[in-house]
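Note sheet for the following structure.
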Amino acid sequence: MSDSKLGGQFTFPGTSLTVQRIGYGAMQLAGPGVWGPPKDPDGAVAVLREAVAAGVNHIDTSDFYGPHVTNQIIRQALHPYPAGLVIVTKLGASRPPDKSWLLAISPEDLTAGVHDNLRNLGLDALDIVNYRVMGSGHGLEEGSIAEQVTVLADLRRKGLIHHIGLSNVTAAQVAEAQAITDIVCVQNNYNVVYRQDDSLIDDLARQGIAYVPFFPLGGFTPLQSSTLSDAAGRLGATPMQVALAWLLHRSPNILLIPGTSSVAHLRENMAAGQLTLSPQTLAELDGIAALAVDVKH
Ligand SMILES: NC(=O)c1ccc[n+]([C@@H]2O[C@H](COP(=O)([O-])OP(=O)(O)OC[C@H]3O[C@@H](n4cnc5c(N)ncnc54)[C@H](OP(=O)(O)O)[C@@H]3O)[C@@H](O)[C@H]2O)c1
């Protein structure tokens with residue numbers, strides 16, 4: 001892996017979309033609380049342009065970041081989009097003026113959401129749309145998603161969406177969706193500490209489906225671990241780079257979308273693709289999750 005730029009490449013199954021395994025998550029470009037404009041609008045544009053100039057061709061976004069702000073910054077920074085850039089957006093929520101997150105999952109909501117994304121991104125069709133399940137809490141919640149996936153499949157037939165993915169879903173929900181349409185990616189909460197999806201990742205890998213962890217660096221609670229720091233010290237890297245490199249080593253279907261509003265952090269994150277982790281270091285890092293579970297109990 002050491003000589004592959006941006007972690008090497010991955011092709012979404014059944015598509016002509018090939019991306020570098022290190023992409024970029026745009027949520028951090030909205031203001032505090034994922035609301036409103038960024039503190040530094042020029043800085044946000046600079047991050048996006050630097051990412052694409054360095055070869056990143058997979059950007060994760062949503063119209064509920066801002067709301068609309070993140071998509072509008074992507075358009076401002078990158079439109080007309082370079083050939084091969086894959087923008088992945090997600091539907092399932094809306095943001096009322098009180099800054100809360102509301103379900104937006106009716107056929108009308110989802111259809112309006114696709115049109116909002118098309119308008120704000122300046123596109124005629126969306127490469128990949130994830131249906132993001134919003135449970136009552138933060139975790140995964142079982143329950144049928146057939147109605148929503150059927151609506152997205154209809155919008156795909158109309159040509160407004162090229163491919164469909166899922167987010168915040170269980171294995172049963174993935175299977176239910178696959179009975180309706182092809183699923184090219186799954187985006188769930190996962191990182192070196194939080195490993196609830198280990199078996200789902202392996203199952204998706206066998207099918208060639210991308211697994212795109214959100215919060216790869218811990219999200220709103222950045223990862224902190226002496227094991228990560230020790231490994232980073234030995235490798236002359238940073239703990240965040242080691243956390244990203246661990247994900248790249250974990251499974252070939254894992255695609256990274258670390259979020260940052262900082263060009264310096266972006267460069268650091270992109271360089272994680274150059275790190276090779278030895279079997280011993282991987283074993284130590286694998287132990288972090290077990291330790292975290294022990295601490296919780
Ligand atoms: N499907 C979903 O439900 C869902 C949920 C959450 C997020 N997402 C997507 O997943 C992407 C990634 O998640 P995320 O951005 O929430 O969390 P993340 O990538 O785990 O972490 C982002 C946080 O880490 C900091 N950071 C980034 N690079 C760093 C570095 N090299 N050193 C130190 N700190 C660093 C960022 O701050 P700075 O800005 O200061 O760098 C930010 O506070 C999002 O951008 C979004 O596109 C999806």
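Remember, it's 1-based here, ligands and their atoms both numbered in the order they're listed.
Applying the side chain to side chain donor-acceptor pair (under 3.5 Å) test to every pair with at least one member in residues 25-54, sequence neighbours left out, gives these pairs: E50-R267. Sorted by first and then second residue, the pairs that involve residues 82-135 and meet ring-ring contact (aromatic ring centres under 6.0 Å, His included), not counting sequence neighbours, are F64-W101.
With salt bridges taken as basic N to acidic carboxylate O contacts below 4.0 Å, none links R95 and D63.
Applying the side-chain hydrogen bond (donor to acceptor under 3.5 Å, both in side chains) rule to T170 yields the partners E142, Q173; only residues at least two apart in sequence or on another chain are considered.
With contacts defined as side-chain heavy-atom distances shorter than 4.5 Å, the pair L126/H162 does not qualify. Y211 is not listed as a side-chain neighbour of Q187, based on a closest heavy-atom distance of 4.5 Å or more.
Under 4.0 Å from any atom of ligand 1, one finds heavy atoms of residues G25, A26, M27, Q28, D60, Y65, K90, R132, S167, Q187, F214, F215, P216, L217, G218, G219, M240, I257, P258, G259, T260, S261, H265, E268, N269.
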